[in-house]
Amino acid sequence: MSRRQPISDQKVRRNLAPPRPRRSWSATRARASTARVPRFDHGYHGSAGSVLGSDHSKWLCVPRRLLAVIIANEMLDWDFADGTFYDGLKGGGVGYAQISIDTAISEDVSGIPYSWPTISMLSENPRREWRELIFSKLRDEQGGVDVAARLLRKKLNTLCQRTTDGTLGSGVLRSELYTGCNSAVLCCSGLLHDCSGLYDFRPPECLARIMGAYWNSKNIFSARDPLADAPGHWPDPFNNGWWAGHWSAYQDKLVK
């Protein structure tokens with residue numbers, strides 16, 4: 001995968017640039033996020049955005065706009081190696097949605113079975129071969145979107161189940177991210193079993209915020225104090241969710 005070249009700040013701000021970061025963000029973090037917007041715009045629309053806007057994405061049983069918001073949110077936080085040949089070589093998140101190999105395996109969303117004929121029984125290290133196949137898929141445009149969609153589908157089901165059971169946790173319920181949310185919103189208006197309707201579902205901002213935080217950490221439901229941009233209050237999931245909420249205002253542009 002070739003290194004992506006940035007385009008002008010003016011074009012990004014005119015077409016897709018999200019609102020400024022919250023005041024509570026440090027100046028350093030705010031500058032870092034703003035500096036990544038040009039590279040995001042070029043990388044997204046030349047890759048993940050084109051996949052989500054194509055016929056290929058129609059079979060994905062998830063809201064394509066919510067998937068686009070999550071991918072855009074992750075790409076905005078790319079570092080120098082992401083989106084290049086070096087993406088994921090040191091571990092951690094890989095590809096557009098920044099999903100690690102370990103997460104793809106533990107959540108069973110790789111779509112690559114650990115069995116013959118996918119894995120050669122004559123291989124000296126079949127598990128390493130399997131991980132390499134998953135790694136390659138995460139770095140591929142369509143493959144990365146496929147894994148992200150599988151993970152999003154699983155997270156949507158969990159989120160709906162938790163809001164139905166009343167197990168979202170006090171940290172989520174008392175957080176600013178939850179403003180405007182209810183069980184109907186977090187269950188995608190009852191469309192989770194209607195793939196056609198779900199595909200064109202327009203996610204409300206609060207669903208984007210909660211999913212953005214959940215994408216950052218699967219443990220947010222154990223938080224007792226409200227998620228917030230403060231030490232000890234899960235600041236990384238909170239900020240990830242806050243930005244995802246901002247991106248939801250651009251959801252139509254993200255799937256063109």
Side-chain angles (χ1 to χ4, degrees), residues 17-37 40 63 65-79 82 91-94 96-100 102-103 106-107 109 148 151-152 154-188 203-251:
R20 291 181 179 274
R22 291 170 51 79
R23 293 180 181 177
S24 55
W25 275 32
S26 68
T28 301
R29 294 177 72 182
R31 284 197 301 271
S33 293
T34 302
R36 288 170 180 157
V37 170
F40 155 78
R65 290 178 177 83
L66 181 57
L67 180 58
V69 164
I70 293 300
I71 291 177
N73 204 36
E74 292 299 318
M75 289 184 71
L76 186 62
D77 202 35
W78 274 9
D79 62 24
D82 294 323
V94 183
Y96 304 118
Q98 289 297 283
I99 300 171
S100 70
D102 289 336
T103 295
S106 64
E107 297 289 346
V109 294
L151 183 57
L152 178 59
K154 187 170 184 178
K155 286 181 178 290
L156 281 172
N157 286 333
T158 299
L159 193 59
C160 181
Q161 188 63 51
R162 280 186 172 275
T163 190
T164 301
D165 295 344
T167 57
L168 283 176
S170 61
V172 172
L173 292 173
R174 295 163 57 200
S175 171
E176 187 177 351
L177 299 179
Y178 190 76
T179 303
C181 276
N182 53 49
S183 59
V185 169
L186 296 184
C187 289
C188 298
E205 181 181 340
C206 83
L207 176 57
R209 290 196 299 261
I210 297 298
M211 184 55 70
Y214 187 16
W215 199 269
N216 182 268
S217 174
K218 65 180 181 180
N219 299 317
I220 59 171
F221 306 116
S222 65
R224 295 184 177 181
D225 295 324
L227 273 64
D229 187 16
H233 287 261
W234 304 70
D236 288 341
F238 175 83
N239 283 321
N240 213 55
W242 185 264
W243 270 96
H246 282 316
W247 277 119
S248 67
Y250 296 84
Q251 57 185 268

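Note that these values count all heavy atoms, side chains included, but never hydrogens, waters or copies made by symmetry.
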**Q.** Any donor-acceptor N/O pair, Lys154 side chain to Val109 backbone, under 3.5 Å
**A.** no

(Q) Tell me the closest heavy-atom pair linking Cys188 and Leu156, and the distance in Å. (A) SG-CD2, 3.9 Å

Q: Locate the shortest heavy-atom distance separating Tyr178 from Val172; write the atom from each residue and the value.
A: CB-O, 3.3 Å

Q: Indicate yes or no for a side-chain donor-acceptor contact from Arg209 to the backbone of Leu177 under 3.5 Å, with no hydrogens or angles considered.
A: yes

Q. What closest approach, in Å, do Asn239 and Asp229 show between heavy atoms, and which atom pair accounts for it?
A. ND2-OD1, 3.0 Å

Q: Check whether any side-chain N or O of Ser100 sits under 3.5 Å from a backbone N or O of Thr103 as a donor-acceptor pair, and report yes or no.
A: yes

Q: Quick one: pull up CZ in Arg174 and CG in Asp225 and give me the separation to the nearest 0.5 Å.
A: 6.0 Å

Q. Hey, what do you get for SG (Cys181) to CG (Leu173), rounding to the nearest 0.5 Å?
A. 9.5 Å

Q.
Tell me which pairs pass side chain to side chain donor-acceptor pair (under 3.5 Å) where either residue lies in residues 155-164, with sequence neighbours left out.
A. Gln161-Asp165

Q. Ignoring hydrogens and geometry, is there a side-chain-to-backbone donor-acceptor pair from Gln251 to Ser248 under 3.5 Å?
A. yes

Using atom types as modelled, flag every donor-acceptor pair under 3.5 Å from a side chain in residues 215-222 to any protein atom, sequence neighbours excluded.
| residue | atom | partner | partner atom | Å |
| --- | --- | --- | --- | --- |
| Trp215 | NE1 | Ala97 | O | 3.2 |
| Ser217 | OG | Asn219 | N | 3.2 |
| Ser222 | OG | Asn219 | O | 2.7 |

Q.
Parallel, tilted or perpendicular, judged at 30° and 60°: which one describes the rings of Trp243 and Trp247?
A. tilted

Q.
Any side-chain to backbone donor/acceptor pair from Asn73 onto Asn240? Under 3.5 Å, distance only.
A. yes

Q.
Set out, in order, the CA-CA distance, both residues' side-chain angles and the distance that settles side-chain contact (heavy atoms from CB on, under 4.5 Å) for Val185 and Ile210, then state yes or no.
A. CA-CA 11 Å; Val185 169; Ile210 297 298; over 6 Å; no

**Q.** Shortest non-hydrogen contact from Glu74 toward Gln98
**A.** OE1-CB, 3.5 Å

Q: Could you pull out the closest heavy-atom pair between Ala148 and Ile99, with the gap in Å?
A: CA-CD1, 3.6 Å

Q. For Ala208 and Leu66, which heavy atoms make the closest approach, and how far apart are they?
A. CA-CD1, 4.0 Å

